[in-house]
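Written below as C-alpha cells is the structure these notes are about.
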Amino acid sequence: MKIVPGLPAVISIVLSGLLLSGCYSQPQQLRQLNHPNDGTPARQENGQTVDTNNSAASQDQLIRFPEWPIPGVQPVDDRKPRAHAQPEQAAPAPAAPAPQPAPTDKQPARSASSRQSGKGKQLSLSQLIKKYPDLLLLKGPAGTKKIALTFDDAPDKQFTPQVLDVLKKYNVKATFFIVGRQAEKHPEMVKRIAREGHIIGNHTYNHSLLTKLSDEQYRAQVTKTQKILKRSIGYTPRLLRPPYGEISESQLLWASDHHLIVVNWNVDSLDWKQLSQQQVTDNILNHAKAGSIVLQHSGGGPNQDLSGTVHALPTIIQSLHGKGYQLVTLPELLQVSKQL
C-alpha cells in the first residue's frame with residue numbers, strides 16, 4: 001500500500017488535538033469546579049459546590065454546596081420537600097435474636113448518645129424524623145393559625161437589608177439563621193436583625209454539610225458560631241438549623257443534650273434556585289397552612305440572585321394576612337425560649 005506523503009504528520013496532529021480536548025480540558029474544568037484557585041467554591045448553574053469528599057475542610061472557608069444533588073450523596077426525591085423524604089426500607093430482621101444478658105436488679109443509666117444506632121449505621125433524614133419527632137422539628141401546632149417565616153444564610157449587605165425593610169414595612173417578625181463567618185463580616189447587620197425584633201438562630205460557622213464532618217468538627221462549627229452571635233446580640237441562641245437540613249443521629253443527640261432545638265421546615269420556597277418572584281410566591285402560598293415553617297434565604301453565594309424572594313415577600317405577607325394567618329417567630333410558634 002502506498003503511503004501518502006505527509007499523512008502520518010496530519011494524523012499525529014489530529015490525535016494530539018483529540019487528546020488535549022478529551023483527556024485534558026474536561027479534567028481541567030472539573031478541577032476548576034471543585035478546587036478553584038482563589039479558595040472559593042466555583043458556582044454551578046444554581047449555586048456553588050465544593051469537593052464533598054473532603055470532610056476536613058478548613059473552618060475558615062465558607063462552604064457552599066448545591067442544594068441537590070450533592071456529589072457523592074444520595075439525593076432526596078426532588079418532587080417533595082427534603083423534610084418529607086420517603087423513609088428507606090428497613091433491613092430484614094435477623095434469623096434469630098441475639099442472646100440476652102442475664103437480668104440484673106440494676107440497669108445502667110443511658111446517656112443520650114447511647115440511644116443512637118449501632119456503630120457504622122447512619123440513619124437517613126426521614127428515619128431521624130420518625131425516630132426523634134420531638135428533637136428534629138419541621139412544623140408547629142396545626143391548631144393555631146400561625147406561620148413562621150424563616151430566612152437562612154444571613155447576613156449579607158445586599159439582600160438581608162432588603163428583606164428587613166419589607167418585614168419592617170409590614171410589621172412582621174421573622175427568624176434568621178445566621179452563618180457564623182458571615183456574622184463576623186457583617187456584625188452591624190446581625191445587630192440590626194436583633195434590634196428590629198427578629199429572632200436569631202445558629203446556622204453553623206461556614207455552612208458545611210454536617211453529615212460529612214466528624215462530630216468534633218460539627219461541635220466546633222456550632223460552638224464557634226454561638227460565641228460570635230453572643231458577642232453581637234447579647235444572648236446565646238437556642239435554635240439550630242443544620243445547612244441543607246442534614247444532620248446525623250449523634251449530632252442531633254448532642255444538640256439535644258446541650259438544650260439546643262433543631263428546627264428544619266415543611267414549606268420550601270426553593271428560592272436558592274434563583275427563582276422568579278411568581279415562582280417563589282407560588283411555592284409558599286400553595287403549601288403554607290397553620291403551623292407551617294417556611295424556608296427562604298436572605299443571603300447567598302457571590303452573584304446569587306435572591307431578588308425573587310425580596311419581591312415576593314410583600315405578596316406573601318399580604319396574602320397570608322388576608323387568610324387570617326398570624327406571622328410569628330419560631331419561639332412563638334413552638335413555644336420555646338430564644339436563648340439558652
Open item on the list: For the CD1 atom of I129 and the CG atom of L125, what is their distance to the nearest 0.5 Å?
Closed with: 4.0 Å
Task: Nearest heavy atoms of S298 and A154, plus distance in Å - done: OG-CB, 3.3 Å
Open item on the list: When you measure from the side chain of D271 to the backbone of Q296, do you find a donor-acceptor pair of N or O atoms at a distance under 3.5 Å?
Closed with: no
Task: Nearest-0.5 Å distance, CG of residue L320 to CD1 of residue I284 - done: 8.0 Å
Open item on the list: Restricting to non-hydrogen atoms, name the atom on W265 and the atom on Y244 that form the minimum distance, rounded to 0.1 Å.
Closed with: CH2-C, 3.9 Å
Task: Any side-chain heavy-atom pair of V310 and V163 under 4.5 Å - done: yes
Open item on the list: Do S248 and L210 have side chains that approach each other closer than 4.5 Å (heavy atoms only, starting at C-beta)?
Closed with: no
Task: Heavy-atom pair with the smallest gap, counting every atom of L333 and A148 - done: CD2-CB, 3.8 Å
- [ ] Working to the nearest 0.5 Å, report the span between CE of M189 and OG1 of T160.
- [x] 6.5 Å
Open item on the list: If you apply the rule side chain to side chain donor-acceptor pair (under 3.5 Å), what do you find for R241 with T150, and how did you get there?
Closed with: CA-CA 10 Å; R241 174 170 286 171; T150 69; 2.9 Å; yes
Open item on the list: Just verifying a value: how many Å separate T236 OG1 and H259 NE2, rounded to the nearest 0.5 Å?
Closed with: 12.5 Å
TODO: Check the pair I316 / V294 against side chain to side chain contact (heavy atoms under 4.5 Å, CB included), numbers first and verdict last.
DONE: CA-CA 11 Å; I316 292 166; V294 179; over 6 Å; no
Open item on the list: Looking at Q182 and P155, would you say the former's side chain and the latter's main chain have a donor-acceptor pair under 3.5 Å?
Closed with: yes
- [ ] Sorted by first residue and then second, give each salt bridge (charged side-chain N to carboxylate O under 4.0 Å, His left out) pair with at least one member in residues 289-299; sequence neighbours left out.
- [x] none
TODO: Kindly indicate whether the side chain of P331, heavy atoms from C-beta on, has any atom under 4.5 Å from the side chain of L239.
DONE: yes
Open item on the list: Is it the case that over 12 heavy atoms from other parts of the model lie below 6.0 angstrom from the NE2 atom of H287?
Closed with: no
Open item on the list: With heavy-atom distances below 4.5 Å as the criterion, would you say the side chains of Q279 and K273 are in contact?
Closed with: no
Open item on the list: Please check if the number of heavy atoms outside K145 that lie under 6.0 Å from its NZ is greater than 12.
Closed with: yes
- [ ] Can you measure from NE2 (H207) to OG1 (T225) and round to the nearest 0.5 angstrom?
- [x] 11.5 Å
Task: Residue K146 excluded, over 12 heavy atoms near NZ under 6.0 Å - done: yes
Open item on the list: Could you check whether any side-chain N or O of R238 sits under 3.5 Å from a backbone N or O of I261, counting only pairs where one atom can act as donor and the other as acceptor?
Closed with: no
Open item on the list: I'd like to check L135 versus V262 (side-chain heavy atoms, cut-off strictly below 4.5 Å). Are they in contact?
Closed with: no
Task: Beyond-backbone contact of L252 with K131, side-chain heavy atoms, under 4.5 angstrom - done: no
TODO: Given side chain to side chain contact (heavy atoms under 4.5 Å, CB included), test Q277 with V280 step by step and report yes or no.
DONE: CA-CA 5 Å; Q277 171 185 346; V280 173; over 6 Å; no
- [ ] Please answer whether the main-chain N or O of W272 pairs with a side-chain N or O of Q304 as donor and acceptor at a distance below 3.5 Å.
- [x] yes
Task: H311 side chain to S307 backbone, donor-acceptor under 3.5 Å - done: yes
- [ ] Taking the side chain as every heavy atom from C-beta outward, state whether I233 and V190 have any pair of such atoms under 4.5 Å apart.
- [x] yes
Task: OG1-OH distance between T211 and Y218, expressed to the nearest 0.5 angstrom - done: 12.0 Å
TODO: May I ask you to decide if Y205's main-chain N or O and Q221's side chain share a donor-acceptor pair within less than 3.5 Å?
DONE: yes
TODO: With side chain to side chain contact (heavy atoms under 4.5 Å, CB included) as the test, would you mind laying out the steps for N202 and Q226 before giving the verdict?
DONE: CA-CA 7 Å; N202 188 324; Q226 294 286 62; 3.2 Å; yes
Open item on the list: Would you say D153 and H203 are linked by a side-chain donor-acceptor pair, where the criterion is simply a distance under 3.5 Å?
Closed with: yes
Task: Main-chain N/O of K191 paired with S232 side-chain donor or acceptor, under 3.5 Å - done: no
Donor-acceptor list for residues 166-180 side chains, cut-off 3.5 Å, not counting sequence neighbours:
| unit_1 | atom_1 | unit_2 | atom_2 | d |
| --- | --- | --- | --- | --- |
| Y170 | OH | Q318 | NE2 | 3.2 |
| K173 | NZ | E196 | O | 2.8 |
| T175 | OG1 | L330 | N | 3.0 |

TODO: Looking only at non-hydrogen atoms, find the nearest pair between L275 and S269 and report the distance.
DONE: CD1-O, 3.8 Å
Open item on the list: Looking at every heavy atom in both P242 and L240, which two are closest together, and how far apart are they?
Closed with: CD-O, 4.0 Å
Open item on the list: Keeping D152 on the side-chain end and H297 on the backbone end, is there a donor-acceptor pair under 3.5 Å?
Closed with: no
- [ ] Can you see which heavy atom on T309 is nearest to which on F151, and at what distance?
- [x] CG2-CE2, 4.4 Å
- [ ] In plain terms, say whether E184 and R181 are close enough for a salt bridge, that is, a side-chain N and a carboxylate O under 4.0 Å apart.
- [x] no
Open item on the list: Evaluate F159 against D305 for side chain to side chain contact (heavy atoms under 4.5 Å, CB included), listing each step before the verdict.
Closed with: CA-CA 9 Å; F159 296 107; D305 184 5; 3.9 Å; yes
- [ ] Answer yes or no: is there a side-chain heavy-atom contact under 4.5 Å between L164 and H198?
- [x] yes
- [ ] Please check if the side chain of Y325 supplies one atom and the backbone of I147 the other of a donor-acceptor pair under 3.5 Å.
- [x] no
